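Throughout, protein chains are lettered first and strands after them, A, B, ... in sequence-line order, and every chain is numbered starting at 1. These numbers were taken from a predicted model, which means no experiment stands behind them.
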2 protein chains.
Amino acid sequence: MAPQATPPNERLNNDKVKQILKKHLDETDYRIYKALNEDGRMSDTELGERVGLSRTAARRRRKNLEEKGLIDVLGVLVLQEADLAYADVFVTLNSDVDTETLEEFLEEIKHEELIYEIGEYMGQYDLLLRVWHASLSDINTFLRSLLQDHDAVGQYETIPVTKTHKAWHKTLSGGTE
Amino acid sequence: MAPQATPPNERLNNDKVKQILKKHLDETDYRIYKALNEDGRMSDTELGERVGLSRTAARRRRKNLEEKGLIDVLGVLVLQEADLAYADVFVTLNSDVDTETLEEFLEEIKHEELIYEIGEYMGQYDLLLRVWHASLSDINTFLRSLLQDHDAVGQYETIPVTKTHKAWHKTLSGGTE
DNA sequence: ATTGAAAAGATCAGAGA
DNA sequence: TCTCTGATCTTTTCAAT
C-alpha cells in the first residue's frame, strides 16, 4: 500500500503545543514522538505510514530526535501493576551543606536501584526523590537508613502515591481496580 | 555465534531487588527490563544475547512482560533537553468535593497535553500534577486558568524543577551544562 | 527453550526536489 | 537540507521439535 497522506484524525490540533516546541520539533517530529509514546517499538515503516513519510525519512527523523536527546525510547517498570509501593520524598537539605558533600550525596543515591527519580526543586523543598519497594514500611526503613543521619540532609517528608492516572505523558489503562 | 551464558558483569548483584520483584519477575526478566530501560528499541536478538537466551525465548518473555503490563516500552520527551520549563504541582482538593466532580476533574486534566503526570497522594497533599510549558510564567498562567476557580480544587502549590539527575530509573547524561 | 525458513523490517547508496 | 526508491542485509515471526 502506498504511504498515505497525513490522516486527518491524527493531525496535531493543538497550536499551543506547536508553538512551545517549534524551537526543536516541528509538527511531524511531534507526531513521531506521540506515536513512539504509544508504542516505543513501533517499526520505522509503520512510523512512516502514520506520519506520511517514507520509512527512511521517518527513521532519519527518529534517529535525529534520539541523537539530539530530545526524545528517549526506553522500557519502564509499571510499579502499579507489579504490586509495588512507591512514594515521593521531599528533601530539605542542611542549610550549611557544602557543594562537595551534596555532589557526593547525589552520586551515592543515583546508583540506588530503589530510587528511580532524582530532581532538584526551586522552592519549599530542595530535592525530590521517588522510591519504590515491596511495601510502605520497607520504604520507610530504606529511607531511614539512607537519609536519617546523612550530613547533606536536613529533613525529609514521604508521601505515598496511592494511584497513578497518567504517567510518561500517557493515560494509564488498568490500575488495581 | 552461539548465545553465551550469562555474562558475569551483567548479573543482578542485588538480592534486595530480586526479593522485591520475585512475585512477578525473575532475574532474567529483570535483566530484560534493565536492557530495555537502556535502549527500548534493542532487538530481541540482542536482548537474547544479553540475557543468554535465544531470540525467541527473549522475545516471548518481553512480550509477556508487556502484555501483563509490568513493563512498557515508550518514547518520552526529555524536557530538560528541549529547553522547556517543567514543574510539580501539589493540589489540595476542596474538603467538600463529591466523587463525581473529582472524577470529572481528573478526566478533564488527563487530556491536557501539557500535563504529563497525574498521581494521587496519601498525606499532606491530595494530587500531584506535573506540567510543562515554554517558560515558568507560561506554567503559572496555564495553571491559573485550569485550577484557580475549579470546584474540585482547594489550593495548589507549584514547585519548579530546576534539574533532573535521574528519571525513568535512568541516570541522565547531559543537562544544559 | 530452540531451530529453520519465510515474511517483514532495517539500512545504505544513489538520486531528485 | 530533506526526501524518496531500490537493493541487500538483519530481524521478526511462526511452526515444528
TODO: Measure from CG on A:L53 to C1' on C:dG9 and round the result to the nearest Å.
DONE: 17 Å

TODO: Apply side chain to side chain donor-acceptor pair (under 3.5 Å) to A:Y116 and list each qualifying residue two or more places apart in sequence or on a separate chain.
DONE: none

TODO: Check whether any side-chain heavy atom of B:L74 sits under 4.5 Å from a side-chain heavy atom of B:W168, and report yes or no.
DONE: no

Task: Length of the line joining A:R62:CZ and C:dG9:C1', which is rounded to integer Å - done: 12 Å

TODO: Return each pair, listed once, that meets salt bridge (Lys or Arg N to Asp or Glu O under 4.0 Å) where at least one residue sits in residues 95-107 of chain B; pairs must be two or more places apart or across chains.
DONE: B:E107-B:K110

Task: Rounded interatomic separation in angstrom, taking CG from A:L65 and C1' from D:dC2 - done: 14 Å

Please set out all donor-acceptor pairs under 3.5 angstrom arising from side-chain atoms of residues 124-140 of chain A, sequence neighbours excluded.
residue	atom	partner	partner atom	Å
A:Y125	OH	B:Y125	OH	3.2
A:D126	OD2	A:L93	N	2.8
A:R130	NE	A:D88	OD1	2.9
A:R130	NH1	B:E117	OE1	3.2
A:R130	NH1	B:E117	OE2	3.0
A:R130	NH2	A:D88	OD2	3.1
A:R130	NH2	B:E117	OE2	2.7
A:W132	NE1	A:E113	O	3.1
A:S135	OG	A:S137	N	3.4
A:S135	OG	A:D138	N	3.2
A:S135	OG	A:D138	OD2	2.9
A:D138	OD2	A:S135	N	3.4

Open item on the list: Among residues 35-45 of chain A, which ones have heavy-atom contacts with DNA chain C below 4.0 Å?
Closed with: A:S43, A:D44, A:T45

- [ ] Would you mind reading off the distance between B:K63 atom NZ and C:dA1 atom P, rounded to a whole angstrom?
- [x] 17 Å

Identify the pairs formed between an N or O of the protein and an N or O of nucleotides 7-10 of chain D at a distance under 3.5 Å, and give each distance.
residue	atom	partner	partner atom	Å
D:dA7	N6	A:R55	NH1	3.3

Open item on the list: Once salt bridge (Lys or Arg N to Asp or Glu O under 4.0 Å) is applied, what residue pairs with a partner in residues 66-77 of chain A remain, sequence neighbours excluded?
Closed with: A:R62-A:E66, A:D72-B:K170

Task: side chain to side chain donor-acceptor pair (under 3.5 Å) partners for A:Q19, two or more places apart - done: A:K22

Task: Proximal nucleotide (of C:dT2, C:dA1, D:dT3) relative to the B:R61 side chain - done: C:dA1

TODO: Could you check how far CZ of B:R50 sits from P of D:dT11, rounded to whole Å?
DONE: 15 Å

- [ ] Assign A:R60 to base, sugar-phosphate, or nothing according to its heavy-atom contacts below 4.0 angstrom with the strands shown.
- [x] base

Task: Partners meeting ring pair (Phe, Tyr, Trp, His ring centres under 6.0 Å) with B:Y121 (sequence neighbours left out) - done: none

Distance-only donor-acceptor pairs under 3.5 Å for side chains of residues 150-157 of chain A, two or more places apart:
residue	atom	partner	partner atom	Å
A:H150	ND1	A:A152	N	3.0
A:H150	NE2	A:E108	OE1	3.4

